[in-house]
Amino acid sequence: MLSKEENELLTRVGPGTMMGDVMRQYWLPFLYSWEIPADGPPLRVRLLGEDLLAFRDSAGAIGLLAERCAHRGAALFFGRNEECGLRCVYHGWKYDTQGRCIDMPNEPAESSFKERILLQAYQARERGGVVFAYLGPKQSDPPALPDLEWTLLPEAQVHHGYKAVLECNWMQSLEGDLDSAHLFILHGRLRADDQGAMGVWHPDRSPRLEIQETGYGLMYGARRDEPDGRVYWRTSQYLFPVHTIFPASPDGTVPCHIWVPIDDEHTLAWDVRWHPTREMPNHQMTHLSPELAGMGPMKPEQKGRFFADWWPEIDQWSDFAIDREIQRTQTYTGIPTIRLQDAAVTTSMGAIFDRSQERLGTTDAMIVRSRQRLLQAARELRESSIPPPGADRPELFRVRSCSAVLPAGVDWRVALDDWHRARTNELMVEQTAEAGR
Ligand code: FES
Ligand SMILES: [Fe+2]
């Protein structure tokens, strides 16, 4: 439980807020590289409550500019992306990717007015087929990109599942990934001997959590007892401020989510998975995948809205396609995919849940610790200029998760350390039949 004041502090990320300042210490992914071809149309983007436009100029450089023209505020969305710059169609002011005004046809040719115009521009960089934005104070000298393993591997070893706009606060989405206890209920099937495709199943649905502080955030192991006396561990990483790496599959495929705050009430969810050594089947980035996987198909372009191509068709306004017959006979939810099941519950809490109303139990321990760590980071940054976890240590972000069955008494932190820190590519641990699902 949080006080109303702490809840506000935790969830609000707009300019000038304390958590917004924390977010602005990090690079945040917001586009696939292929979304902005050179000289292509600009895209509406909203990040941390700021309305922006992204475009790629003729030379391949990416611009991330304030949405409105510095002259009289017309939307640069209507701008013309022409030879190395974006031209406002109202009076023709033209901006380069750094926000400098490089042409001003409505002023006398001898005027130097344009040299005094600078539109807000933020740094954008690409790695691993994804564009990251840095909205922080060090625009002329930003930190290095985080060494997330999937951004460092050949593209064939990485699968981009989806990107999707969710209609809730980023912290609600993130907390769903720090919550191992929901796995065998929300995503569970009703009967053990039904097919695995129906959902996951494990007899122990009350995991004991062991939490470890790290230089980039937190890590935890969820312990469940196997019927034969061994211990089934599911480990997850929380990398500040928005990455969660949830348990790897038996074959060593590592999945992650990224929960980028669009504003206080919308989150841009990313699903990425990778294998340290092998090619991923279907690794090609799929745009608007027709089959019902992940978040399902996307709505047609949502004209006039930010991230216009990434609004899922199945959402709270269609009750997440719940099938009451399947709920009655096969699964707890009757909702078709794991990601939609997650989205249903986290958005059902309201855009920003009032955490002064909740009643936390033992399996919420990781959520409690993550909030404490975030609030501590926000206060330390504001009061003492202490950088939040990993903000100045990009090399720390090369970590993984695991799911493994270990003999009783073995310390999971030690046994899985080489895998967790990407010092080995061999996942030499036993699995349960259900592990990693
Ligand atoms: S409003 Fe953009 S040039 Fe006038
Ligand atoms: Fe989930």
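Note: hydrogens, waters and symmetry copies are ignored here, and every other heavy atom, side chains too, is used. Starting from 1, each residue takes its place in the sequence as its number. All ligand and atom numbering here is 1-based and tracks the order in the structure.
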Assign the ring pair H182 / H187 to parallel, tilted or perpendicular, where the plane angle (0 to 90°) is split at 30° and 60°. perpendicular

Indicate yes or no: at least one non-hydrogen side-chain atom of I335 is less than 4.5 angstrom from one of Q327. no

Just by modelled atom types, is the L218 backbone N or O under 3.5 Å from a matching donor or acceptor in the E213 side chain? no

Confirm or rule out an N/O/S atom of H71, from backbone or side chain, lying less than 2.8 Å from atom 4 (Fe) of ligand 1. yes

Near W93 (heavy-atom distance under 4.0 Å), the atoms of ligand 1 are 3 (S)

Can an N, O or S atom be found in H91 less than 2.8 Å away from atom 4 (Fe) of ligand 1? yes

Closer than 4.0 Å to some heavy atom of C69 - which atoms of ligand 1 meet that? 1 (S), 2 (Fe), 3 (S)

Can you name the N, O or S atom of H182 that is closest to the Fe ion (ligand 2)? NE2

Check each atom of ligand 1 against the heavy atoms of C88 and keep those under 4.0 Å away; list them by number with element. 1 (S), 2 (Fe), 3 (S)

More than 12 heavy atoms of other residues, nucleotides or ligands under 6.0 Å from CZ of R421: is that the case? no

Give the atoms of ligand 1, by number and element, whose distance to some non-hydrogen atom of Y90 is under 4.0 Å. 1 (S), 4 (Fe)

Can you list the ligand 1 atoms lying under 4.0 Å from a non-hydrogen atom of G92? 3 (S)

Can you confirm whether D271 sits close enough to K163 that some side-chain heavy atom of one is under 4.5 Å from a side-chain heavy atom of the other? no

Decide if atom CZ of R127 counts as having more than 12 heavy atoms of other residues, nucleotides or ligands within a radius under 6.0 Å. yes

Here the gap from S206 atom OG to R208 atom CZ, rounded to the nearest 0.5 Å, amounts to 6.0 Å

Geometry at the Fe ion (ligand 2) - H187 NE2 versus D342 OD1 angle, rounded to 10 degrees: 90°

Taking only non-hydrogen atoms of A74 and a 4.0 Å limit, the atoms of ligand 1 in range are 1 (S)

